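Taking it in order: structure first as structure tokens, then the write-up.
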Amino acid sequence: MNVRKGAEIARGKTKVLYESLDDAQRLVVRQGDAITAGDGARRDVIAGKGRLAALTTSRVFRLLNKRGLPTHYLGGGEDEDGNEMLVRRCEMIPLEVVVRGIVAGSYAKRNPALKRGSPLSPRVIEFFLKDDEHHDPMITRDEILARGIATEEEIETMQRLARETFAVLEEAWRQRDVLLVDLKVEFGRSAERGALLLADVIDNDSWRIWPQGREEAMLDKQIYRNLEQRDEEALARVKRAYEEVAAAVADFDRA
Ligand code: C5P
């Protein structure tokens with residue numbers, strides 16, 4: 001993909017956003033080699049991670065687009081293109097929308113009476129406010145409304161689209177004998193149309209995935225969060241998992 005990048009407009013912990021010189025309604029998202037956890041408290045650089053993240057995100061968004069879900073993804077990220085994808089410009093809603101199919105992570109911690117690894121039906125949706133300084137606190141629907149973060153209709157739409165996204169990715173992983181445990185997505189309002197789009201990235205940092213339903217076989221960023229020692233050997237292990245995931249999602253959109 002050959003997009004002429006303009007000014008940098010935003011920088012996250014693992015990616016940079018640029019204007020597109022060719023179209024004011026589009027942006028370029030470039031994924032980098034950083035890996036972080038604990039709201040940035042833990043940070044490393046894994047050479048090649050940006051390539052794997054761009055591959056994973058673009059394949060996931062391609063599948064979602066094909067299934068009729070509205071995403072910001074327009075193209076790129078798959079080739080030797082500087083890990084850059086072209087997306088529709090959005091006004092981001094500062095929420096992390098988490099869908100859970102299995103009791104794990106912070107949900108297991110907050111609900112110690114529930115058995116880790118047990119299924120949740122229906123899927124449970126939670127909202128977290130994007131606010132690193134305060135460790136992304138959980139936020140209720142009433143608070144989202146009271147603070148003017150999103151409208152009632154938008155909350156409904158985010159829940160529905162998050163559920164549908166989970167169902168599509170759960171099925172794609174199931175076909176590869178991998179259990180999708182939970183997933184985080186983010187939404188933006190399309191600059192062109194105002195409608196909600198699945199935005200940001202969806203990569204191996206965004207979900208928990210357990211091959212054969214076995215937590216100890218996990219392939220996602222939880223491996224990095226769990227590291228006691230972040231030496232070369234350990235980071236190489238993390239990279240191998242990201243490579244495995246990028247290879248597994250390579251034909252997601254052909255499903
Ligand atoms: O930690 P917790 O159980 O709340 O995470 C739920 C899901 O959201 C996990 O798949 C995790 O990878 C993802 N997540 C994320 N970014 C965060 C927090 C959680 O992608 N800042």
Side-chain angles (χ1 to χ4, degrees), residues 10-15 29 31-32 34-44 46 49-50 52-54 56-57 60-61 64 71 92-120 123-140 149 158-159 161-163 165-170 172-174 178-188 198-211 213-215 217-227 238 241-242 245-246 248-249:
R11 185 172 278 263
K13 292 190 286 289
T14 61
K15 58 190 173 282
V29 178
Q31 292 188 256
I35 183 164
T36 71
D39 308 310
R42 167 179 285 213
R43 183 180 189 278
D44 286 282
I46 297 179
K49 195 236 179 195
L52 298 167
T56 306
T57 285
V60 166
F61 277 136
L64 297 176
T71 85
M92 290 303 292
I93 298 179
L95 295 173
E96 302 204 329
V97 184
V98 171
V99 189
R100 302 182 188 273
I102 299 285
V103 175
S106 73
Y107 190 79
K109 262 194 215 123
R110 279 179 278 123
N111 298 281
L114 299 181
K115 194 171 172 316
R116 251 186 110 70
S118 55
L120 292 164
R123 306 303 185 222
V124 171
I125 305 230
E126 293 178 332
F127 292 95
F128 296 87
L129 182 64
K130 280 180 74 75
D131 181 356
D132 273 348
E133 214 178 300
H134 299 100
H135 307 289
D136 294 345
M138 201 167 168
I139 183 166
T140 65
I149 294 169
M158 286 190 280
Q159 296 196 35
L161 293 175
R163 268 184 214 291
T165 300
F166 188 91
V168 168
L169 297 178
E170 181 182 44
W173 277 119
R174 196 195 57 74
V178 173
L179 177 67
L180 179 64
V181 170
D182 49 33
L183 169 72
K184 184 270 297 182
V185 292
E186 295 184 25
F187 291 90
L198 284 153
D200 193 48
V201 300
I202 302 178
D203 61 21
N204 200 33
D205 296 349
S206 313
W207 53 34
R208 289 193 176 91
I209 45 173
W210 297 352
R214 296 185 305 125
E215 181 170 9
M218 66 175 75
L219 287 174
D220 59 89
K221 191 169 95 170
Q222 193 62 42
I223 301 175
Y224 174 73
R225 297 189 192 101
N226 291 349
L227 287 183
V238 174
Y242 278 71
V245 170
V249 305

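Each ligand, and each atom within it, is numbered from 1 in the order the structure gives. Heavy atoms only: backbone and side chains are in, while hydrogens, waters and symmetry mates are out. For clarity, every value in this text was computed on a predicted model and none was experimentally measured.
Between F127 and E96, the closest side-chain pair of non-hydrogen atoms is not below 4.5 Å. Considering only heavy atoms from C-beta on, I149 comes within 4.5 Å of I93 through its side chain. The shortest side-chain heavy-atom distance between T14 and Q31 does not fall under the 4.5 Å cut-off. Between P211 and L219 there is a side-chain heavy-atom pair separated by less than 4.5 Å.
Listed by number with element, the atoms of ligand 1 under 4.0 angstrom from any heavy atom of V98 are 6 (C), 8 (O). Those atoms of ligand 1 with a heavy atom of S206 less than 4.0 angstrom away are 10 (O), 12 (O), 13 (C), 20 (O). Listed by number with element, the atoms of ligand 1 under 4.0 Å from a non-hydrogen atom of R225 are 11 (C), 12 (O). Short contacts between ligand 1 and G105, defined as distances under 4.0 Å to a heavy atom of the residue, involve ligand atoms 3 (O). Short contacts between ligand 1 and D136, defined as distances under 4.0 Å to a heavy atom of the residue, involve ligand atoms 21 (N). Counting atoms of ligand 1 from 1 in the listed order, those under 4.0 Å from a heavy atom of W207 are 10 (O), 12 (O).
For atom 2 (P) of ligand 1, the closest non-hydrogen atom on the protein side is S106 OG, 3.4 Å. When only non-hydrogen protein atoms are considered, atom 15 (C) of ligand 1 lies nearest to K184 CE, 3.5 Å. Closest protein heavy atom to atom 18 (C) of ligand 1: E96 OE1, 3.5 Å. Closest to atom 5 (O) of ligand 1, if we only count protein heavy atoms, is R208 NH1, 3.5 Å. With respect to atom 7 (C) of ligand 1, the closest heavy atom belonging to the protein is D182 OD1, 3.7 Å.
Taking distance alone, with nitrogen or oxygen atoms compared against 3.5 Å, Y107 stays at or beyond that limit from ligand 1.
No part of K221 comes within 4.0 Å of ligand 1, judged by heavy-atom distances.
Ion pairing of K184 with E126 is absent here, as no side-chain N (NZ or NE/NH1/NH2) approaches a carboxylate O to less than 4.0 Å. A salt bridge does not link D39 with K13: none of the charged nitrogens is closer than 4.0 Å to a carboxylate oxygen.
At least one donor-acceptor pair closer than 3.5 Å links the side chain of T57 to the backbone N or O of I202. At least one donor-acceptor pair closer than 3.5 Å links the side chain of D136 to the backbone N or O of D131.
Under the 4.0 angstrom criterion for non-hydrogen atoms, K109 is not in contact with ligand 1.
Taking the side chain to side chain donor-acceptor pair (under 3.5 Å) definition, one finds that R174 meets it with E171, sequence neighbours left out.
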